[in-house]
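Following: one structure in structure tokens, then a few remarks.
Along the sequence shown, residues carry numbers from 1.
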Amino acid sequence: MMNRNEMVQALQNGLSEVTFIKVNGDVRVMTCTLDDTIIPADLLPKTSATSDAVKVNETTVSVYDVNADGWRSFRVENVTNFDNQ
């Protein structure tokens, strides 16, 4: 399985389909990205996740869900499948 950095790098380069187990036990499949060219301009983050001002949570990844048209997150340890599209 990919580590967090590998997932973030793949997400920054296009769409990925992430399958994970939600905190409540449900399985979720999400098509998501961190690619600035795919995320609508009005929904782009105000600061970079790599900025010194932002503390990065190493256990989760915040992503833009293209189907829900909004920001979501998942726990790295709960990912069961990660496919680049």
Side-chain angles (χ1 to χ4, degrees):
M1 183 55 62
M2 300 172 84
N3 66 37
R4 184 185 188 283
N5 290 338
E6 292 168 330
M7 289 180 193
V8 168
Q9 185 175 17
L11 288 159
Q12 289 172 335
N13 292 308
L15 292 173
S16 295
E17 185 178 87
V18 182
T19 305
F20 62 97
I21 300 169
K22 293 173 44 173
V23 174
N24 69 4
D26 292 346
V27 174
R28 170 121 193 263
V29 178
M30 177 169 54
T31 303
C32 51
T33 190
L34 289 174
D35 187 334
D36 290 351
T37 64
I38 297 172
I39 302 168
D42 61 327
L43 295 176
L44 285 170
K46 303 276 188 267
T47 60
S48 170
T50 58
S51 168
D52 291 339
V54 177
K55 181 173 167 93
V56 176
N57 183 340
E58 294 295 329
T59 62
T60 63
V61 179
S62 294
V63 295
Y64 179 75
D65 181 338
V66 296
N67 296 321
D69 195 26
W71 288 90
R72 305 291 186 266
S73 63
F74 59 86
R75 292 178 189 244
V76 174
E77 66 184 16
N78 292 350
V79 174
T80 58
N81 195 41
F82 190 100
D83 288 321
N84 296 329
Q85 295 188 339

- Message: If you compare all heavy atoms of T80 against all heavy atoms of M1, which two are closest, and at what distance to 0.1 Å?
- Response: O-CE, 3.5 Å
- Query: Can you name the residues that form a salt bridge (Lys or Arg N to Asp or Glu O under 4.0 Å) with R28, not counting sequence neighbours?
  - Reply: D65
- Message: I'd like to know if the side chain of R4 and the backbone of V76 have a donor-acceptor N/O pair within less than 3.5 Å.
- Response: no
- Task: Apply the side chain to side chain contact (heavy atoms under 4.5 Å, CB included) test between T33 and each candidate in I39, N13, V63; give the one that qualifies.
- Result: I39
- Query: Should we count CD of E6 as having more than 12 external heavy atoms under 6.0 Å?
  - Reply: yes
- Given M30 and V66, is the side chain to side chain contact (heavy atoms under 4.5 Å, CB included) satisfied, shown in steps? CA-CA 8 Å; M30 177 169 54; V66 296; over 6 Å; no
- Return the minimal non-hydrogen interatomic distance between S16 and N84, and the atom names on each side. OG-OD1, 3.2 Å
- Item | W71 side chain to L44 backbone, donor-acceptor under 3.5 Å | no
- Message: Under 3.5 Å, is there a donor on one side chain and an acceptor on the other for N24 and D26?
- Response: yes
- Item | N81: partners by side-chain hydrogen bond (donor to acceptor under 3.5 Å, both in side chains), with sequence neighbours left out | D83
- Message: Please tell me whether V61 and M2 are part of a single hydrophobic cluster in this structure, the criterion being side-chain heavy atoms less than 4.5 Å apart.
- Response: yes
- Note: D69 and P40 closest approach over all heavy atoms is OD1-CG, 4.2 Å
- Task: Could you tell me the separation between the OH atom of Y64 and the OG1 atom of T31, rounded to the nearest 0.5 Å?
- Result: 12.0 Å
